[in-house]
Number of protein chains: 2
Amino acid sequence: MARRTDGAKVAYRMLADQLRDEVASDVYAGGRRLPTEAELASSHRVSRQTVRRAMQELVAEGYVYRVPGRGTFAADRKHRYLRQLGSIEDLLNLAVDSELEVVTPLQRRVDIDAASRLRLDSDSLYCLTFRRLHQGAPVCHTSTFHPPAIGRTLTDIPELATVGAKTATTIIGLVEARMDGLIVAADQSITVGRVPPEAAREIQCEPGAPLLRIDRLYYDERDRPVELAINWYNPDMYTYRVRLQRSQHRGTRS
Amino acid sequence: MARRTDGAKVAYRMLADQLRDEVASDVYAGGRRLPTEAELASSHRVSRQTVRRAMQELVAEGYVYRVPGRGTFAADRKHRYLRQLGSIEDLLNLAVDSELEVVTPLQRRVDIDAASRLRLDSDSLYCLTFRRLHQGAPVCHTSTFHPPAIGRTLTDIPELATVGAKTATTIIGLVEARMDGLIVAADQSITVGRVPPEAAREIQCEPGAPLLRIDRLYYDERDRPVELAINWYNPDMYTYRVRLQRSQHRGTRS
DNA sequence: CGTTATTTGTGCGTATGTATT
DNA sequence: AAATACATACGCACAAATAAC
């Protein structure tokens with residue numbers, strides 16, 4: 001039943017993974033042209049249809065764009081920040097250039113509001129509080145809440161039990177690694193709120209200051225909530241950015 | 001050169017359009033099962049491959065989900081608010097249940113900051129200010145800025161020249177209709193800011209109150225900025241929501 | 001300015017694998 | 001075990017856009 005995020009047996013996904021890596025690692029830097037479908041098909045010993053299927057993925061993910069009659073091109077790096085917070089993968093990769101520092105260790109607690117948002121029967125759940133540092137500076141204060149069945153699987157992680165411990169991970173990444181299945185979706189809401197005093201201390205702003213509040217509720221494959229994360233961002237240090245695209249965007253570009 | 005958003009000549013997109021309408025209009029309400037690939041293929045006189053291509057679109061857009069061995073199902077309505085602000089199409093369709101009321105008519109003005117964000121040589125541009133009403137209540141105050149070449153094409157629209165005029169459109173929709181080509185992308189940034197006094201008056205909140213500020217910079221097919229929109233939302237009346245999904249999400253879903 | 005070669009886009013047929021019932 | 005339904009893969013033909021001649 002357990003599925004892998006990596007091990008892609010299927011041909012088109014193996015090809016997509018390889019091409020994605022090559023585009024990301026600037027093998028085709030500066031908007032260079034990729035090999036044609038026919039070339040990739042023969043060099044990878046697959047049919048042209050399989051190449052096309054792989055390309056579909058990369059276009060959807062914003063790594064490349066295609067122009068009929070001209071070819072396939074690596075997207076500019078600045079156009080690639082589509083991949084910064086527009087999909088689940090982006091959230092899982094959030095830790096690449098930031099650090100998590102525990103404020104309140106993982107513990108069982110009662111929180112009626114969080115429990116109802118997690119659709120729990122009881123009011124008891126697991127809770128963790130931390131801040132996220134970017135080059136040493138605190139940018140965000142986060143509380144995560146998990147159903148008992150999920151929270152239990154995190155109790156053996158020493159870094160989450162120690163105040164002040166720093167790690168380069170994301171909580172949702174740890175959760176997914178311990179799950180039987182994948183995180184497939186998250187509902188995200190963004191609003192403005194008055195920061196609670198405990199959080200204000202941690203990210204060096206005045207209590208009650210208006211901060212950017214981003215809530216995310218993550219779901220597993222069976223549509224069950226596995227994590228509620230409440231994030232407080234100081235707007236002086238962080239702006240939420242996404243690139244929106246036309247969905248069947250098959251267009252000329254530059 | 002001009003392309004149509006609607007006129008889908010191609011078979012798979014015609015099928016996708018029809019199925020999307022049917023799902024949206026609750027023909028398959030409440031998570032009902034859609035016909036199988038084979039059934040759709042024979043009833044629409046296309047190959048099963050064409051049906052699959054159409055389904056790929058709908059899955060990507062969040063209208064349906066598929067389970068191997070079981071079938072294709074209409075997504076719950078609540079899972080469909082993916083289509084609320086996650087793509088360019090969503091922004092173009094924003095007007096379906098809201099109204100635009102002109103505060104300051106379209107006029108030529110000088111704005112150094114906006115001009116530089118639109119990458120203009122000169123500081124002169126077209127500017128329009130309005131508020132957006134939802135069931136009569138003001139939810140948002142917006143200023144849009146356009147390069148002279150684009151703004152000029154909007155000057156013949158009487159609704160944009162009259163203070164207090166109400167229309168059920170979006171500015172970016174009007175712009176696209178007058179363009180030679182499509183809007184293909186938008187960079188969006190969300191932060192918190194102190195509302196300027198002019199805007200505060202219009203949406204009934206105190207000057208200097210912390211509001212949700214959403215900026216969007218729209219691009220045409222040649223990557224040229226055609227509109228900068230600065231939106232101020234009262235967080236009591238509006239929360240920005242999106243559903244994030246795993247990109248190649250082919251999963252079981254309840 | 002048309003012609004031609006290249007490259008991607010669309011459409012169909014078929015075979016086989018895998019998940020669910 | 002069998003039937004059903006979606007997933008992957010390959011092959012081929014032709015259309016449409018682009019660029020070079």
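Keep in mind that the numbers below use all heavy atoms, side chains included, and drop hydrogens, waters and symmetry copies. Each chain gets a letter, A, B and so on, in the order its sequence line appears, and its residues count up from 1. This structure is a prediction, so every number in the text was calculated from the model and none was measured.
A straight line from CD of A:Q56 to C1' of C:dG11 spans 14 Å, rounded to a whole angstrom. For B:M14 and C:dT10, the CE to P distance is 14 Å, given to the nearest whole Å. Following rounding to the nearest Å, B:F73 (CZ) and C:dT20 (C1') show an atom-to-atom distance of 10 Å. Between the CD atom of B:E37 and the C1' atom of C:dT20 there is a distance of 15 Å, given to the nearest Å. Atom CZ of B:R66 is separated from atom C1' of D:dT4 by 14 Å (rounded to the nearest Å). Atom pair A:E57:CD and D:dT8:C1' shows a separation of 12 Å (rounding to whole Å applied). The interatomic distance linking B:L15 (CG) with C:dG11 (P) rounds to 10 Å, in whole Å.
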Kindly give the atom pairs (protein nitrogen or oxygen, nucleotide nitrogen or oxygen) under 3.5 Å for nucleotides 19-21 of chain D.
| residue | atom | partner | partner atom | Å |
| --- | --- | --- | --- | --- |
| D:dA19 | OP1 | A:R70 | NE | 3.4 |

Expected rows: protein N/O vs nucleotides 9-12 of chain D N/O, under 3.5 Å:
| residue | atom | partner | partner atom | Å |
| --- | --- | --- | --- | --- |
| D:dA9 | OP1 | A:A11 | N | 2.1 |
| D:dA9 | OP2 | A:Y12 | N | 3.1 |
| D:dC10 | OP2 | A:S47 | N | 3.1 |
| D:dC10 | OP2 | A:S47 | OG | 3.4 |
| D:dC10 | OP2 | A:T50 | OG1 | 2.2 |
| D:dC12 | N4 | A:Q49 | NE2 | 2.7 |

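In this structure, A:L118 and A:L217 have side chains that are in contact, with non-hydrogen atoms separated by less than 4.5 Å. With contacts defined as side-chain heavy-atom distances shorter than 4.5 Å, the pair B:L40/B:L19 qualifies.
Looking only at atom types and distance, the side chain of B:D187 has a donor-acceptor partner in the side chain of B:Y219 under 3.5 Å away. Using modelled atom types and a 3.5 Å distance limit, the side chains of B:S124 and B:R108 yield a donor-acceptor pair.
Between B:R66 and B:E37 there is a salt bridge, since a side-chain N of the basic residue sits under 4.0 Å from a carboxylate O of the acidic one.
Residue B:T72 places at least one side-chain N or O closer than 4.0 Å to OP1 or OP2 of D:dC6. Residue A:T36 places no side-chain N or O under 4.0 Å from the OP1 or OP2 atom of C:dT6.
Nearest-nucleotide positions on DNA chain D place B:R33 closer to the 5' end than the other of B:R52 and B:R33.
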Going through the distances and angles, do A:Y12 and A:V51 end up as a side chain to side chain contact (heavy atoms under 4.5 Å, CB included)? CA-CA 6 Å; A:Y12 81 86; A:V51 175; over 6 Å; no

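Residues passing the ring pair (Phe, Tyr, Trp, His ring centres under 6.0 Å) test with B:Y126: none are found, sequence neighbours excluded.
Between the side chain of B:E39 and the backbone N or O of B:T36, at least one donor-acceptor pair lies under 3.5 Å.
Note that CZ of B:R119 is 12.0 Å distant from CG of B:D121, once rounded to the nearest 0.5 Å.
Within the shown strands, nothing qualifies as a pairing partner of D:dA1 under the Watson-Crick or G-U definition with both distances less than 3.5 Å.
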